Amino acid sequence: MAIKIEKKIVGYGVVKEDDKKDQAPAAAEVKKETTNVVHLTEALERPEMLLGSTYKVKTPLSEHALYVTINDIILNPGTDHELRRPFEVFINSKNMDHFQWIVALTRIISAVFRKGGDVTFLVEELRSVFDPRGGYFKKGGKYMPSLVAEIGDAIECHLRMIGLIKSNDLDEHQRKLIEEKRAQYNATVKDAEAREPSEFPDGAQLCGKCHTKAVIQMDGCMTCLNCGDSKCG
């Protein structure tokens, strides 16, 4: 391929065979360092069938659950260099309140997956999103600052399963702190379960304003019996 030189030549040198041999080990070393990062290209076509996992996300913010499906592509199948990488993500739910931003989020995450490289940064980016109305505790006592953060938590679980994120063992101090926090949370839940049946009807939903299970349908509107908040104004 011809290369057009548009600048003035100020110097030149002749490459000898000995110089090429000296540069070869350095180039091989650089190539060896960069082989740990897998880069997917846009030329990679989607196979007819992909392996995937679906994670159920049930939050007190919505009556319907979200289902996060992450499909993986197998690189170099049947060889010693076989590797499983996330390729695309889909999120589905009966609740259509968040349809637009969920579709946008899935397309952006899928585009990042297809680009390859280190995609683990997505977990921290999603988990750092906070809901201005406040977060919630998921099953097991783990605090979630927002629905987006729990989607990031589901992606983290998947990346750990396929080996892209290594599990870090907690030290004794961290385990003790978690046990204390879990005991406090369980005590709070038991206290709430003991008080709520006598104060509010069975089947009441969680209020997004006062965080009390006191929302019922009244006169065609979802109304909180604790703080009076209503979607109908």
Side-chain angles (χ1 to χ4, degrees), residues 52-71 88-110 122-161 177-233:
S53 302
T54 300
Y55 301 85
K56 181 179 180 180
V57 176
K58 185 68 176 72
T59 73
L61 304 179
S62 175
E63 181 180 357
H64 303 289
L66 270 73
Y67 295 89
V68 182
T69 300
I70 305 175
N71 293 331
E88 61 189 8
V89 59
F90 299 99
I91 302 177
N92 188 28
S93 175
K94 293 182 180 179
N95 187 358
M96 303 297 292
D97 293 341
H98 311 297
F99 176 76
Q100 294 186 27
W101 69 260
I102 284 181
V103 171
L105 186 65
T106 56
R107 291 187 178 182
I108 293 174
I109 295 176
S110 298
L122 284 173
V123 174
E124 291 300 326
E125 292 294 334
L126 296 176
R127 293 176 67 175
S128 62
V129 176
F130 291 83
D131 192 334
R133 297 176 299 176
Y136 54 90
F137 287 93
K138 63 182 296 186
K139 186 177 181 181
K142 187 176 183 179
Y143 178 74
M144 286 291 135
S146 65
L147 176 58
V148 176
E150 187 158 2
I151 294 175
D153 192 65
I155 294 177
E156 181 187 14
C157 293
H158 186 78
L159 296 183
R160 289 186 183 277
M161 182 191 70
L177 179 61
I178 291 175
E179 292 176 357
E180 292 177 356
K181 294 297 182 181
R182 183 172 297 167
Q184 295 177 4
Y185 170 75
N186 292 335
T188 304
V189 170
K190 290 182 180 180
D191 182 64
E193 291 176 350
R195 291 186 294 105
E196 286 182 1
S198 61
E199 296 179 2
F200 304 111
D202 295 336
Q205 301 180 15
L206 185 69
C207 177
K209 186 175 182 180
C210 66
H211 307 290
T212 304
K213 293 182 66 176
V215 178
I216 64 171
Q217 188 170 6
M218 182 183 298
D219 297 330
C221 301
M222 298 303 293
T223 306
C224 179
L225 300 178
N226 185 55
C227 66
D229 180 64
S230 175
K231 290 186 178 180
C232 298

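By convention here, the first residue in the shown sequence is residue 1. Values below: every heavy atom of this structure, side chains too, minus hydrogens, waters and symmetry copies. Since this is a predicted model, take the numbers as computed values, not measurements.
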With a 4.5 Å cut-off on side-chain heavy atoms, are [Y] and [X] touching?
X      : Y      : result
Met144 : Thr59  : no
Thr69  : Asn92  : no
Leu105 : Leu126 : yes
Leu61  : Asp131 : yes
Leu66  : Glu150 : no
Glu63  : Asn95  : no

Looking at [atom1] of [X] and [atom2] of [Y], how far apart are the two atoms once the value is rounded to the nearest 0.5 Å?
X      : Y      : atom1 : atom2 : result
Asp229 : Thr223 : CG    : OG1   : 8.5 Å
Gln205 : Ile216 : CD    : CD1   : 10.5 Å
Asp97  : Ile102 : CG    : CD1   : 9.5 Å

Q | Option from Thr106, Asp153, Ile109, Val57 for which side-chain contact (heavy atoms from CB on, under 4.5 Å) with Val68 holds | A | Val57
If I compare all heavy atoms of [X] with all of [Y], which pair ends up nearest, and what's the gap?
X      : Y      : result
Ala154 : Tyr55  : CB-CB, 4.2 Å
Ser93  : Ala65  : OG-O, 3.0 Å
Lys58  : Ser62  : NZ-O, 3.2 Å
Tyr136 : Ser146 : OH-O, 3.7 Å
Asn71  : Gly52  : OD1-CA, 3.5 Å
Ala149 : Val129 : CB-O, 4.0 Å

(Q) Can you confirm whether more than 12 heavy atoms, excluding those of Phe99, are under 6.0 Å from its CZ atom? (A)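 For Phe99, atom CZ is not crowded (no more than 12 foreign heavy atoms under 6.0 Å).
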Q) Taking everything shown except Gln100 itself, do over 12 heavy atoms lie less than 6.0 Å from its CD? A)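 No, CD of Gln100 has 12 or fewer neighbouring heavy atoms, counting only those of other groups under 6.0 Å.
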Q: In sequence, state the C-alpha distance, the side-chain angles, and the governing distance for Ser110 and Val89, and then conclude on side chain to side chain contact (heavy atoms under 4.5 Å, CB included).
A: CA-CA 6 Å; Ser110 298; Val89 59; 3.5 Å; yes
(Q) I'd like to know whether Ile155 forms a side chain to side chain contact (heavy atoms under 4.5 Å, CB included) with Ile70, so could you lay out the CA-CA distance, the side-chain angles of the two residues, the decisive distance to 0.1 Å, and finally the verdict. (A) CA-CA 8 Å; Ile155 294 177; Ile70 305 175; 4.0 Å; yes
